[in-house]
Amino acid sequence: MTRLTGRALRLTVYIGEDDVWHHKPLYTEIVHRAHAAGLAGASVFRGIEGFGASSRIHTSRLLSLSEDLPVAVVVVDTEERIRAFLPQLDELVTEGLVTLDDCEVIRYAGRAEESGTSDTKGKKSL
């Protein structure tokens with residue numbers, strides 16, 4: 001398990017929901033590559049409205065014809081590991097925005113293992 005606390009770097013990739021890489025969603029490829037690179041974690045957030053360099057508004061409103069909603073892929077890890085991952089984004093992201101922000105990780109904890117080693121402090125089992 002990756003342990004991460006203290007200073008970190010947040011990578012955010014803003015793309016369109018309809019962007020693809022080899023016939024599958026681009027956000028899926030970014031998440032899978034981040035996982036394969038051993039990064040601490042990645043999340044995908046779907047926007048309800050936005051616009052980018054094309055200045056075309058994309059919205060989820062019922063009467064709108066636009067379906068290519070904005071998507072943000074967020075990855076947090078050490079600066080060294082995030083910067084090592086950037087060349088992969090150069091290959092994948094042909095349209096969009098990639099940002100880096102300094103951040104501080106206060107807590108990073110995964111779920112307990114299913115093998116019975118979970119912390120049951122304060123919990124009652126049936």
Side-chain angles (χ1 to χ4, degrees):
M1 177 172 110
T2 302
R3 298 197 185 278
L4 182 65
T5 56
R7 291 184 48 84
L9 200 60
R10 178 178 53 225
L11 163 70
T12 307
V13 182
Y14 299 93
I15 54 177
E17 182 179 37
D18 291 343
D19 293 347
V20 295
W21 177 259
H22 295 279
H23 309 291
K24 67 180 179 181
L26 177 57
Y27 58 84
T28 298
E29 183 66 18
I30 294 169
V31 168
H32 285 262
R33 287 195 186 196
H35 183 260
L39 296 178
S43 296
V44 178
F45 300 95
R46 183 178 187 221
I48 58 172
E49 189 165 22
F51 71 94
S54 69
S55 293
R56 190 170 137 227
I57 300 253
H58 303 271
T59 181
S60 64
R61 282 182 275 165
L62 193 58
L63 298 176
S64 173
L65 297 176
S66 176
E67 295 180 7
D68 186 22
L69 294 173
V71 171
V73 182
V74 179
V75 183
V76 176
D77 207 318
T78 64
E79 180 174 359
E80 178 182 287
R81 293 170 67 107
I82 292 290
R83 291 201 182 274
F85 184 68
L86 291 178
Q88 293 196 53
L89 291 180
D90 287 340
E91 176 188 357
L92 296 172
V93 180
T94 58
E95 293 180 352
L97 174 67
V98 177
T99 64
L100 295 173
D101 301 293
D102 290 321
C103 63
E104 183 177 357
V105 175
I106 304 299
R107 178 176 168 85
Y108 177 69
R111 291 192 176 108
E113 295 293 323
E114 298 292 326
S115 63
T117 60
S118 64
D119 180 14
T120 58
K121 182 178 176 182
K123 298 179 183 177
K124 294 181 181 178
S125 60
L126 298 175

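Quick note: numbers below take in every heavy atom, side chains included, and nothing from hydrogens, waters or symmetry partners.
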How about CD on E80, more than 12 heavy atoms from neighbouring residues, nucleotides or ligands closer than 6.0 Å, or not? no
Looking only at heavy atoms, what is the nearest atom pair of G16 and V71, with distance? C-CG2, 4.3 Å
Is there side-chain contact between L9 and D102, with at least one heavy-atom pair below 4.5 Å? yes
Write down the atom of L86, the atom of L100, and the distance for their closest heavy-atom approach. CD1-CD1, 4.0 Å
Which residues pass the side chain to side chain donor-acceptor pair (under 3.5 Å) test with E79, sequence neighbours left out? R83
Do Y14 and T99 have side chains that get closer than 4.5 Å, going by heavy atoms? yes
According to side chain to side chain donor-acceptor pair (under 3.5 Å), who are the partners of E17, at least two apart in sequence or on a separate chain? R46
Tell me, do L26 and V13 make a side-chain contact under 4.5 Å, heavy atoms counted? no
Residue pair I82 / V76: nearest heavy atoms and the distance that separates them: CD1-C, 4.4 Å
Approximate separation, where rounding is to 0.5 Å, of I15 CD1 and L97 CG: 11.0 Å
Using every non-hydrogen atom in the two residues, find where A37 and F85 come nearest and quote the distance to one decimal. CB-CD1, 4.0 Å
Against R33, only a single residue in L92, T28, L89 fulfils side-chain contact (heavy atoms from CB on, under 4.5 Å); can you say which? L92
pair D19-V93: side-chain heavy atoms closer than 4.5 Å: no
Can you give me the closest heavy-atom contact between P70 and G50, atom names plus distance? CG-N, 4.0 Å
N/O donor-acceptor pair under 3.5 Å between D77 side chain and A40 backbone: yes
